[in-house]
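Only a predicted model underlies this, so the values are computations on that prediction, with no experimental measurement involved. Residue numbers start at 1 and run along the sequence shown.
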Amino acid sequence: LRFMSSGVLRILLYSGSFYTSVTLPSGSLEGIFDNVSIGASGNTSTLNINDAFSAGGNISIYGGEINLGGNISKTSGGDSTLTIAGTGAVTLNAGANISSSSSTGKMDVAISGNNVTLNGSISKTNGGDSTLTVSGTGTVTLNAGATILNSSTLGKLDVTLLGKSTGNTGVTSFGIYLAGNNAITTL
């Protein structure tokens, strides 16, 4: 399937979960959408989003395990939210980026799942005061090369990382892991 639009994109069932995992391969999403909804609250099926897309409005992605392999960007429009909510592991793959560069609005980002792993980057280069909340009912991991960056002089980026201890003793009992070279930079 290929979705080409400048309007609203909704990929969801009337109720419940998809019957099987859903993969959006590279080349399946084209255009700058107004709003994007992939899955609905309560969806427990695996989502693999391997294509880049842009939206001027709200973006919501609900699934079981969620794998993000393509860039998600906000380049226009007013204030908006990006919600990525998984009941399983949520992974931002290496080379995948979440970015907000709209000069007319901010984008608040909330990423939640069982274990959340960031291998790519999250950046804010324009817009007003924004928030980034990454929470896991298990662990939150920023692997080598993962970056969180606010290079905007127009507004701040408040960053919250919430991970839960695994309950084991030793180093594996912590809920937030910073592995290798990563950067969290805000102006």
For the residue pair N58 and S80, confirm or rule out a side-chain donor-acceptor distance under 3.5 Å. no
Do I98 and M107 have side chains that get closer than 4.5 Å, going by heavy atoms? yes
Pairwise side-chain contact, V140 with L162, heavy-atom cut-off 4.5 Å (strictly under): no
Side chain N71, main chain N97, donor-acceptor under 3.5 Å: yes
Donor-acceptor under 3.5 Å (T104 side chain, G77 main chain): yes
Between D51 and G27 (side chain of the first, backbone of the second, donor and acceptor by atom type, cut-off under 3.5 Å), is there such a pair? yes
Would you say the side chain of F18 lies within less than 4.5 Å of the side chain of I11, judging by non-hydrogen atoms? yes
Option among I59, L29, N35 that satisfies the side-chain contact (heavy atoms from CB on, under 4.5 Å) test with L9: L29
Quick one, V159 and I122 - any side-chain contact, counting heavy atoms below 4.5 Å? no
Taking atom types as modelled and ignoring hydrogens, do the side chains of T44 and S17 form a donor-acceptor contact shorter than 3.5 angstrom? yes
Do L142 and L161 come close enough that some side-chain heavy atom pair is under 4.5 Å? yes
Taking side chain as C-beta onward, heavy atoms only, is V134 less than 4.5 Å from I148? no
Do T131 and D158 meet the criterion of a side-chain donor-acceptor pair at a distance under 3.5 Å? no
Just by modelled atom types, is the K106 backbone N or O under 3.5 Å from a matching donor or acceptor in the K124 side chain? no
Taking side chain as C-beta onward, heavy atoms only, is N67 less than 4.5 Å from T46? yes
Among the clusters formed by ILVMFWY side chains lying less than 4.5 Å apart, do Y62 and L92 turn up in the same one? no
Can a donor-acceptor pair be found, under 3.5 Å and without considering hydrogens, that links the side chain of N115 to the backbone of T139? yes
Side chains of V22 and I38: does their closest heavy-atom pair fall under 4.5 Å? no
